[in-house]
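Worksheet: the structure to be examined is printed underneath.
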Amino acid sequence: MNTLKIGFIGAGNMARSLIGGLIASGLPANNIQASAPDREHLQALANDFSIRTTTDNQALLDRCDVIVLAVKPQVLKQICQALRPAQGSLYLSIVAGIPTSSIRHWLEQKAETGPLAIIRAMPNTPALLQTGASALYANPHASEAQRESAEAIMRAVGLALWVKDETQMDAVTALSGSGPAYHFLFMEAMISAARELGLNEANARLLTIQTAFGAAKMALEINENPATLRQNVTSPGGTTERAIQTFQEGGFEKLVTAALSAARDRARELAEELGQ
Ligand SMILES: NC(=O)c1ccc[n+]([C@@H]2O[C@H](COP(=O)([O-])OP(=O)(O)OC[C@H]3O[C@@H](n4cnc5c(N)ncnc54)[C@H](OP(=O)(O)O)[C@@H]3O)[C@@H](O)[C@H]2O)c1
């Protein structure tokens with residue numbers, strides 16, 4: 001991993017987080033490069049991380065073993081179609097929604113190579129604070145070493161795990177991709193309910209956020225499933241039991257299933273639209 005040359009096409013929020021994470025995990029800065037159209041954005045990245053930058057995507061591709069595609073979904077097709085890919089490189093896309101088959105098809109239009117190794121990762125927003133959750137899918141042309149490199153890159157911004165079937169990326173999008181927003185929504189609702197119960201805004205906000213953080217930390221660090229952790233703090237006849245009963249009578253679990261299914265269906269629709 002420490003000898004790999006990693007090039008980022010796209011120098012925005014996600015590229016910056018991944019570059020910061022990789023350097024913090026010990027990758028030498030001179031193994032990392034980035035390309036984007038805006039020279040000022042590139043200069044800021046070069047100043048912060050001492051990496052090499054260019055406005056020429058092809059020049060970056062020619063110098064790197066792993067090309068991280070970190071641009072918005074709407075511009076990926078045009079960027080891939082303009083590139084002349086080299087055999088043996090790995091293309092790691094963090095672009096939401098676009099299937100590996102589309103990326104391969106676009107890249108191979110100018111390629112005089114065999115099938116290209118494409119790995120797709122779906123990170124989420126907490127990756128910006130190195131606490132992300134990413135799932136990865138590799139097409140059959142990626143080698144074991146390339147899979148290890150992709151996993152190490154995504155681990156620089158948090159948890160990284162694999163799915164075997166690419167269609168599961170739509171479920172991942174619905175779960176961890178969109179998931180931070182569900183937790184924010186729950187926090188908003190708790191803050192607003194606490195205000196109605198008479199707490200001031202600052203206290204309602206801090207108690208809500210710290211409670212969410214503490215619950216997530218317990219779920220991560222105590223070797224019990226969330227159902228057991230919940231039962232452990234729900235005394236018969238107590239306050240928590242009364243609240244949980246109210247959630248369940250309101251159809252909480254069904255609503256969560258319906259919300260995730262709706263997100264999964266929208267991810268499928270977007271993949272079809274953007275992957276054309
Ligand atoms: N942010 C998240 O939390 C998150 C979560 C999951 C997945 N993702 C995915 O990650 C990808 C990047 O997201 P982001 O938040 O980092 O976006 P972003 O901040 O908008 O960055 C996009 C970058 O792409 C560059 N770019 C545009 N056209 C280009 C071209 N022709 N050649 C090279 N670079 C070009 C932009 O260049 P300039 O700097 O010159 O404008 C910018 O640096 C997206 O596809 C998104 O779906 C993001």
Side-chain angles (χ1 to χ4, degrees), residues 6-22 32-49 51-64 67-85 91-100 102-103 106-107 110 118-137 150 153-161 163 169-184 263-264 266-267 269-271 273-275:
I6 303 175
F8 287 80
I9 296 187
N13 295 316
M14 262 299 158
R16 171 173 281 275
S17 302
L18 282 161
I19 293 167
L22 286 168
I32 303 177
Q33 315 189 10
S35 68
D38 188 308
R39 284 179 200 278
E40 271 182 38
H41 291 169
L42 288 174
Q43 193 53 51
L45 214 54
N47 290 346
D48 290 347
F49 298 115
I51 62 164
R52 184 172 176 182
T53 61
T54 173
T55 53
D56 183 345
N57 293 338
Q58 184 65 46
L60 173 122
L61 186 150
D62 293 339
R63 291 193 293 259
C64 292
I67 320 301
V68 183
L69 300 165
V71 296
K72 291 288 187 203
Q74 294 76 4
V75 296
L76 184 65
K77 179 178 183 177
Q78 172 211 333
I79 291 171
C80 288
Q81 285 178 330
L83 293 171
R84 265 173 293 98
Y91 298 84
L92 169 61
S93 169
I94 60 161
V95 180
I98 303 203
T100 54
S102 301
I103 298 171
W106 298 333
L107 282 170
K110 282 199 182 172
I118 319 275
I119 293 182
R120 177 177 163 198
M122 179 67 209
N124 62 6
T125 317
L128 303 176
L129 302 176
Q130 260 104 63
T131 49
S134 304
L136 296 111
Y137 166 79
I153 291 170
M154 297 318 295
R155 254 194 280 112
V157 290
L159 172 104
L161 51 76
V163 295
M169 289 303 254
D170 297 324
V172 167
T173 303
L175 178 64
S176 49
S178 303
Y182 314 154
H183 289 282
F184 297 141
R264 188 268 326 269
R266 182 63 186 140
E269 286 168 17
L270 286 172
E273 278 168 37
L274 294 166

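Remember, it's 1-based here, ligands and their atoms both numbered in the order they're listed. All values below come from the heavy atoms of this structure, side chains included, with hydrogens, waters and symmetry mates left out. We number each residue from 1, following the sequence as shown.
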At less than 4.0 angstrom from any non-hydrogen atom of [X], what atoms of ligand 1 do you find?
X: Pro123; answer: 5 (C), 6 (C), 7 (C)
X: Asp38; answer: 38 (P), 40 (O)
X: Gly10; answer: 23 (C), 24 (O), 25 (C), 34 (N), 43 (O)
X: Ala11; answer: 23 (C), 42 (C), 43 (O)
X: Ala96; answer: 45 (O), 47 (O)

> Is the number of heavy atoms from other residues, nucleotides or ligands under 6.0 Å of Arg63 CZ greater than 12?
Replying inline: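 Counting neighbours around CZ of Arg63, more than 12 heavy atoms of other residues, nucleotides or ligands fall under 6.0 Å, so yes.
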> Above 12 or not: heavy atoms from other molecules or residues under 6.0 Å from CD of Glu40?
Replying inline: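 It does not: Glu40 CD has 12 such atoms or fewer within range.
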Looking at [X] and [Y], would you say the former's side chain and the latter's main chain have a donor-acceptor pair under 3.5 Å?
X: Asn124; Y: Ala133; value: yes
X: Thr53; Y: Ala46; value: no
X: Gln130; Y: Ser17; value: yes
X: Thr173; Y: Met169; value: yes
X: Thr54; Y: Ser35; value: no

> Heavy-atom distance to atom 30 (C) of ligand 1: which of Ile79, Leu274, Val71, Leu45 wins?
Replying inline: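 Looking at heavy atoms only, the winner is Ile79.
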Taking both backbone and side-chain atoms of [X], is any N or O found less than 3.5 Å from an N or O belonging to ligand 1?
X: Ala36; value: no
X: Val95; value: no
X: Ile9; value: no
X: Asn57; value: yes
X: Met122; value: no
X: Leu128; value: no

Heavy atom of the protein closest to [atom] (residue, atom name, distance):
atom: atom 21 (O) of ligand 1; answer: Gly12 CA, 3.2 Å
atom: atom 3 (O) of ligand 1; answer: Thr125 CA, 3.2 Å
atom: atom 39 (O) of ligand 1; answer: His41 ND1, 2.5 Å
atom: atom 7 (C) of ligand 1; answer: Ile94 O, 3.6 Å
atom: atom 19 (O) of ligand 1; answer: Asn13 N, 2.9 Å
atom: atom 26 (N) of ligand 1; answer: Pro37 CD, 3.7 Å
atom: atom 20 (O) of ligand 1; answer: Lys72 CE, 3.2 Å
atom: atom 4 (C) of ligand 1; answer: Met14 CE, 3.3 Å

> salt bridge (charged side-chain N to carboxylate O under 4.0 Å, His left out) between Asp170 and Arg266: does it pass, once the steps are laid out?
Replying inline: CA-CA 9 Å; Asp170 297 324; Arg266 182 63 186 140; over 6 Å; no
>> Side chains of Ile67 and Leu92, heavy atoms from C-beta outward: is any pair under 4.5 Å?
In response: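 In short, these two side chains do not touch, never coming nearer than 4.5 Å.
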> After noting the C-alpha distance and the side-chain angles of Arg16 and Asp48, does the key distance pass the side-chain contact (heavy atoms from CB on, under 4.5 Å) rule?
Replying inline: CA-CA 10 Å; Arg16 171 173 281 275; Asp48 290 347; 2.8 Å; yes
> So which of Leu274, Leu69, Ile9 actually passes side-chain contact (heavy atoms from CB on, under 4.5 Å) with Leu76?
Replying inline: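 Among Leu274, Leu69, Ile9, the one meeting side-chain contact (heavy atoms from CB on, under 4.5 Å) with Leu76 is Leu69.
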> Charged N to carboxylate O under 4.0 angstrom, Glu269 versus Arg264?
Replying inline: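 Salt bridge absent between Glu269 and Arg264.
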> Considering only heavy atoms, does Gln78 approach ligand 1 within less than 4.0 Å through its side chain, its backbone, both, or neither?
Replying inline: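 For Gln78, there is no contact with ligand 1 at all, from either part.
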> With a 4.0 Å heavy-atom cut-off (strictly under), which part of Ala70 contacts ligand 1: side chain, backbone, both or neither?
Replying inline: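 Backbone only.
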> Passes side-chain contact (heavy atoms from CB on, under 4.5 Å), Ile119 versus Tyr91? Steps please.
Replying inline: CA-CA 6 Å; Ile119 293 182; Tyr91 298 84; over 6 Å; no
